[in-house]
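Numbering of residues begins at 1 and proceeds along the displayed sequence.
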Amino acid sequence: MGIPDQPQRQVVSKDELVRIMNEELGKYEECKDCRLREPDSLIEPDETGCNWSLDKPGALHCSGVPTEVCAPFAYRVIAEAMSKYNIKE
């Protein structure tokens, strides 16, 4: 049903979610050659109602720049996606 007072999330496939996040990440000049990997499905949605996570080593891969340069932008993109999307089960 959903968690009360939580926004309704759009349901997308894992591939679509990765595409959306990488498209957003690529809008930052520093991150044009960085990519986020596929998220993990959660058994139960978290306290916000999100049913996936990217909290794992290697979730962000960068070419040409250190991962630390792009990490703050990646965290922003992930947080926004977590508030907007759930993955198909």
Side-chain angles (χ1 to χ4, degrees):
M1 280 284 153
I3 297 173
D5 300 323
Q6 295 297 327
Q8 189 72 2
R9 288 178 173 80
Q10 183 177 346
V11 178
V12 296
S13 68
K14 283 186 178 184
D15 289 341
E16 182 69 5
L17 179 60
V18 170
R19 186 195 64 74
I20 291 166
M21 290 191 298
N22 284 327
E23 187 175 289
E24 288 300 311
L25 189 61
K27 292 178 181 179
Y28 297 99
E29 183 64 27
E30 300 89 334
C31 304
K32 65 181 180 175
D33 294 323
C34 297
R35 297 291 175 263
L36 290 164
R37 311 256 171 144
E38 186 175 279
D40 293 323
S41 299
L42 299 177
I43 295 171
E44 294 288 328
D46 67 14
E47 63 278 354
T48 69
C50 184
N51 71 351
W52 60 273
S53 174
L54 253 176
D55 186 21
K56 60 184 174 182
L60 176 63
H61 176 74
C62 294
S63 298
V65 297
T67 303
E68 297 79 26
V69 171
C70 200
F73 301 105
Y75 293 137
R76 189 177 308 150
V77 168
I78 293 167
E80 185 174 330
M82 289 181 83
S83 72
K84 292 181 178 182
Y85 302 100
N86 267 343
I87 53 176
K88 293 178 186 174
E89 297 179 18

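Side-chain contact check for C70 versus L60: some heavy-atom pair is nearer than 4.5 Å. Looking only at side-chain heavy atoms (C-beta outward), V69 and C31 stay at 4.5 Å or farther from each other. Using a 4.5 Å cut-off on side-chain heavy atoms (C-beta onward), R9 and C50 make contact. Between L25 and M21 the shortest side-chain heavy-atom distance does not fall below 4.5 Å. The shortest distance between side-chain heavy atoms of S41 and I87 falls below 4.5 Å.
Taking a cutoff of 4.0 Å between a charged side-chain nitrogen and a carboxylate oxygen, R76 and E80 do not qualify as a salt bridge.
Of the inter-residue distances, the one linking R37 atom CZ with K14 atom NZ reads 14.5 Å to the nearest 0.5 angstrom. Considering CG of D15 and NZ of K88, their distance stands at 10.0 Å, rounded to 0.5 Å. The CZ atom of R35 sits 9.5 Å away from atom NE2 of H61, with the distance rounded to the nearest 0.5 Å.
For the pair D40 (side chain) and K56 (backbone), a donor-acceptor distance under 3.5 Å is absent. Between the side chain of D33 and the main chain of V65, no donor-acceptor pair closer than 3.5 Å is present. With hydrogens and angles disregarded, a donor-acceptor distance shorter than 3.5 Å links the side chain of W52 to the backbone of Y85. Remark: the backbone N or O of L36 is paired with a side-chain donor or acceptor of N22 at under 3.5 angstrom.
Note: the hydrophobic cluster containing I20 also contains I78 (ILVMFWY, side chain heavy atoms under 4.5 Å, direct or indirect links). The hydrophobic clustering, which links ILVMFWY residues whose side-chain heavy atoms are closer than 4.5 Å, places Y28 and M82 together.
Across A59 and L54, no two heavy atoms sit closer than the pair CB-O, 3.5 Å.
Side-chain contact annotation: D46 with T48, donor-acceptor N/O pair under 3.5 Å present. Side-chain atoms of S13 and R19 form no donor-acceptor pair, as typed in the model, at a separation below 3.5 Å.
Atom NZ of K32 has 12 or fewer heavy atoms from other residues, nucleotides or ligands within 6.0 Å.
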